[in-house]
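First the structure, in the form of structure tokens, and then the observations on it.
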Amino acid sequence: MPKYEFDRLRKAWREQLTGGTAYNGSDPDISAQVAKLTARAQAFWEAMDKSPGEYLWSDLAGADASAHITGCYTRLREMALAYSTYTSALYNNARLQNSLLTGLDWMYQNRYNENKAQYGNWWDWQIGAPLKLLDIAILLYESLPSPRIADYAKAAGAFLAPISTFTGANRVWAATVTALRGVVNGNGDLLASARDALSEVFRYVNSGDGFYRDGSFIQHDCLSYNGGYGVALLGDVSALIGLLGGSPWAVTDPLAANVYRWVHDAFEPFIYKGALMDMTRGREICRAAAQDHAKGSRLIQFILRLSALAPAATAALYKSMVKYWIQTDTYRSFYEDCPIPSIMLAKDIMNDPAVIPRGELIANKPFNNMDRVVHLRPGFGYAVSMSSSRIANYESINGDNTRGWYTGDGMTYLYNGDLGHYSGDYWPTVNPYRLPGTTVDTMARADGSGQNYRSLSSWCGGVEIAGLYGTAAMSFQAWNSNLRAEKSWFMFDDEIVALGAGITNREQEGEGWDGDARRVETIIENRRLDDSGGGRLLVNGVDKTGSPEWAQDKTVWAHLSGSASGADIGYFFPGGATVKGLREARTGKWSSIHPSGSKADITRSYQTLWFDHGANPAGESYSYVLLPGKTACQVQDYAANPDIEILENSASAQAVLEKKLGVTGVVFLTDTLKWIQAGGVNFISSSKKALVMTRESDAGMEVAVSDPTQSNPDVISIEINRSASRVCTADHGVAVIQLSPSIKLDIHVGEAKGKVFKAIFA
């Protein structure tokens with residue numbers, strides 16, 4: 001293969017890292033990034049032992065800590081990047097070049113070469129260190145003698161397992177290591193191997209790691225990770241496709257087009273005004289430098305990169321959504337800590353009047369292959385994070401995310417005008433025992449306890465109708481506890497109804513029973529307040545702002561004022577309820593949830609609301625309605641004349657009617673025939689466990705059904721006490737048995753993986 005092919009690839013990768021020389025160095029956002037890069041590199045250089053003996057940096061001196069290998073190469077890469085960035089004050093600095101060569105040699109001789117035995121985390125040896133080292137080799141290629149390049153490339157590949165053994169993001173990382181080794185070594189076979197390895201990633205999966213057709217992305221076999229490993233995968237796969245394009249090793253697999261679908265199906269719904277929803281980010285929520293707006297910016301950078309590769313119509317859609325996100329993120333500038341190439345792409349879009357911002361995304365989208373649901377409405381976004389026998393509750397490995405205990409137990413997230421709510425040091429300061437939406441056994445928990453727990457219950461999922469409204473539910477079984485609960489959420493236009501039933505935590509007397517009567521709580525809210533601790537709270541019209549802790553019987557409504565326009569939140573309690581409240585300043589530190597996090601104390605104020613179900617409850621229940629964006633007067637008016645009616649809230653079914661919309665959501669919890677009544681008469685029945693929604697209008701009726709257990713091998717039979725004149729549309733798998741005097745449907749759900757089946761009747 002001609003040498004120029006490899007020269008071109010090396011130059012392309014280098015420009016992807018540095019921005020080349022075509023950018024405007026006087027642009028304030030670019031100059032700010034160059035200044036930051038230069039300062040970081042300068043600091044690393046000054047702290048480096050220039051005549052290394054036992055270490056390059058004293059804080060990365062461990063000869064038995066694999067993370068220190070990746071850490072050293074990360075710092076050397078930062079120095080090499082500043083050396084190679086043409087407007088940096090360190091550009092082509094001969095002394096810096098000498099220090100870089102010294103550091104690379106020392107690392108090869110003492111820490112990372114093909115003859116070393118692996119220790120610590122495999123990822124550092126096979127992925128982390130080689131990716132950084134190969135970037136450095138490309139950045140400094142002209143300064144490195146050929147034998148050194150060969151040595152570094154040999155070390156980078158020495159520990160890498162066969163690419164076929166990797167899945168998901170790990171496979172793309174392994175392919176990237178292989179491709180970059182091919183670039184620096186001039187080895188076309190390695191480039192072909194890397195390209196071919198991507199084909200497996202492009203395919204949709206039905207189990208295990210990878211992308212599912214509903215937009216779910218799983219890594220580590222049972223964890224929702226669109227916003228973590230999924231982002232990394234998108235970034236590296238787009239980089240590889242871009243790098244190899246136009247070369248003899250270009251990606252030609254037609255399934256590569258799935259990458260463009262992922263943006264819409266698996267990423268777009270999770271970005272709210274620049275913030276990437278935490279419920280898809282796994283253990284990354286414990287990292288201070290990767291809070292939701294910072295991680296959202298990173299994902300947007302990769303979508304920008306794809307916009308330069310995608311077909312014209314798709315690229316136009318990407319640019320439209322990117323422009324909207326950058327404009328509406330008033331909490332954090334997109335350009336903060338953004339690489340020069342991404343700034344260049346973004347500026348082209350932002351300065352192009354032909355690119356029209358997308359506007360607010362309005363949708364309800366269940367991700368049933370990873371137990372997540374997103375509900376997006378004008379002025380707010382809402383999300384539910386669940387778990388089951390298929391999807392684990394949370395991940396805590398390598399000392400990360402040590403208190404994510406309840407993040408997959410029905411935690412709810414509300415995104416509104418307070419854009420910094422989850423980015424303002426939320427995770428180290430929030431009470432991890434009281435996360436919104438969860439029902440918890442108030443046992444004391446050890447750090448990392450119960451991670452990767454999958455309950456025995458397969459009952460978990462969501463259904464949507466018209467793409468706008470949705471119902472989600474989980475049959476909850478707590479870790480290391482007898483606590484059980486049926487939990488559901490009904491998401492309509494301007495309200496979300498949350499129901500709980502069958503809440504039971506009865507300890508059995510006898511052998512092994514310690515008599516511990518632990519209380520069970522359902523958390524309605526745990527909202528971070530602004531820095532002054534403000535946020536006026538009204539309960540039944542009475543100001544509770546100055547009351548640190550209280551309990552209120554017969555609570556009908558409450559209102560919490562927000563710190564920004566559109567950040568007010570209302571709460572309605574059908575029939576009245578006893579609600580407890582706590583306003584507190586909480587102090588925490590990032591190091592409590594991440595081993596290398598800052599040890600500095602951080603204090604934030606919170607308003608918490610919850611139901612106390614008592615000790616060892618049996619058959620308890622709850623109901624509340626969340627009213628985002630409403631004023632106190634609007635909440636009071638809503639409570640006097642609510643739009644919703646709870647049709648049932650029991651251990652066998654939960655159902656809610658939204659009267660103005662004509663939308664009903666039903667959760668059928670048993671495999672016995674069950675009728676739901678409305679207006680005192682039978683309305684809808686199911687023969688099996690199911691999630692069902694209907695929407696009635698003068699034009700007719702829409703029906704949506706899903707199997708939340710994903711284990712029914714046959715049919716769900718639905719009967720609706722309405723008649724229809726004809727079938728307008730029916731999905732494959734929907735058999736219409738009769739139209740009159742009632743509508744009868746058989747939904748063939750075998751192997752459907754939680755798919756939503758729909759039919760429309762005139």
Side-chain angles (χ1 to χ4, degrees), residues 40 43-80 99-137 148 151-162 165-166 169-170 173-174 176-177 180-181 219-220 228-229 232 282-284 286-290 395-403 446-449 451-452 589-599:
R40 289 194 302 268
F44 290 145
W45 188 21
E46 290 174 0
M48 176 183 170
D49 187 341
K50 314 298 191 301
S51 302
E54 297 299 319
Y55 53 76
L56 289 182
W57 286 277
S58 60
D59 61 331
L60 296 176
D64 57 357
S66 62
H68 287 189
I69 299 173
T70 302
C72 286
Y73 281 128
T74 298
R75 293 179 183 181
L76 290 170
R77 179 186 182 276
E78 198 82 349
M79 293 160 60
S99 294
L100 282 164
L101 299 181
T102 298
L104 288 170
D105 279 347
W106 188 90
M107 286 295 293
Y108 181 72
Q109 293 162 10
N110 295 279
R111 289 289 186 269
Y112 192 74
N113 64 58
E114 63 274 15
N115 298 314
K116 287 286 184 180
Q118 285 191 60
Y119 53 81
N121 190 338
W122 69 268
W123 186 90
D124 291 305
W125 294 89
Q126 299 190 45
I127 304 295
L131 284 175
K132 305 298 183 184
L133 174 57
L134 291 166
D135 276 354
I136 298 167
R148 284 184 178 178
D151 284 343
Y152 301 157
K154 188 189 303 178
F159 307 98
L160 189 66
T165 64
F166 293 95
N170 290 324
W173 279 326
T176 305
V177 170
L180 296 184
R181 287 180 62 228
Q219 191 79 42
H220 294 172
Y229 286 98
R283 69 185 195 276
E284 289 190 8
C286 71
R287 301 170 187 173
E395 183 178 52
S396 175
I397 58 176
N398 303 323
D400 285 357
N401 196 29
T402 53
R403 297 176 187 173
D447 284 357
S449 61
Q451 74 97 14
N452 234 17
K589 55 189 72 176
W590 284 100
S591 61
S592 68
I593 57 176
H594 187 274
S596 60
S598 169
K599 294 179 172 60

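Side chains are part of it too, since the values below use all heavy atoms of this structure and drop only hydrogens, waters and symmetry mates. Along the sequence shown, the residues carry numbers beginning at 1.
Taken to the nearest 0.5 Å, the CZ atom of R403 stands 4.5 Å off from the CG atom of D447. In this structure, CD1 on I127 lies 6.0 Å from CG on L160, to the nearest 0.5 angstrom. Here CZ of R40 is found 12.5 Å from CZ of R75. Values are rounded to the nearest 0.5 Å.
Across all their heavy atoms, S396 and G448 have their closest contact at OG-CA, 3.8 Å. Taking every heavy atom of both residues into account, Q118 and F159 meet most closely at CG-CD2, 3.6 Å. Across all their heavy atoms, W57 and F44 have their closest contact at NE1-O, 2.8 Å. The two residues P162 and T165 have their closest heavy-atom pair at O-OG1, 2.6 Å. Residues N113 and A155 come closest through the heavy atom pair CA-CB, 3.9 Å. For the pair G597 and S591, the tightest heavy-atom approach, listed with the atom from each and the gap, is O-CB, 3.3 Å.
You'll find the side chain of M79 reaches within 4.5 Å of the side chain of M48, heavy atoms only. Contact check for N170 versus Q219: side-chain heavy atoms found under the 4.5 Å cut-off. In this structure the side chain of E114 reaches within 4.5 angstrom of the side chain of Y108, judged on heavy atoms. Side-chain contact between Y119 and I69 is present, with at least one heavy-atom pair separated by less than 4.5 Å. The shortest side-chain heavy-atom distance between P595 and D400 falls under the 4.5 Å cut-off. For the pair D105/Y152, a side-chain contact is recorded, criterion being any heavy-atom separation below 4.5 Å from C-beta on. Side-chain atoms of N398 and R283, non-hydrogen and from C-beta on, do get closer than 4.5 Å to each other.
Exactly one of L134, L56, L104, D124 qualifies for a side-chain contact (heavy atoms from CB on, under 4.5 Å) with Y73. That residue is L104.
Of the possible donor and acceptor atoms, none in the side chain of Y55 sits under 3.5 Å from a partner among the backbone N and O of A63. Judged by distance alone, the side chain of Q126 and the main-chain N or O of A161 form a donor-acceptor pair under 3.5 Å. Of the possible donor and acceptor atoms, none in the side chain of W125 sits under 3.5 Å from a partner among the backbone N and O of S66. Side-chain atoms of K50 come within 3.5 Å of backbone N or O of W45 as a donor-acceptor pair. In this structure, the side chain of N401 does not engage the main chain of C286 through any donor-acceptor pair within 3.5 Å.
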With side chain to side chain contact (heavy atoms under 4.5 Å, CB included) as the test, would you mind laying out the steps for K132 and L76 before giving the verdict?
-> CA-CA 8 Å; K132 305 298 183 184; L76 290 170; over 6 Å; no
Yes or no on side chain to side chain contact (heavy atoms under 4.5 Å, CB included) for W106 and R111, after CA distance, side-chain angles and deciding distance?
-> CA-CA 8 Å; W106 188 90; R111 289 289 186 269; 3.7 Å; yes
Chi angles and distances behind the side chain to side chain contact (heavy atoms under 4.5 Å, CB included) call for M107, L133 = CA-CA 10 Å; M107 286 295 293; L133 174 57; over 6 Å; no
Evaluate the side chain to side chain contact (heavy atoms under 4.5 Å, CB included) criterion for residues L101 and R148: first the C-alpha distance (whole Å), next the side-chain angles of each, then the deciding distance (0.1 Å), finally the verdict.
-> CA-CA 10 Å; L101 299 181; R148 284 184 178 178; 3.5 Å; yes
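Using cut-offs of 30° and 60° for the angle between ring planes, the W122 and F166 rings count as tilted.
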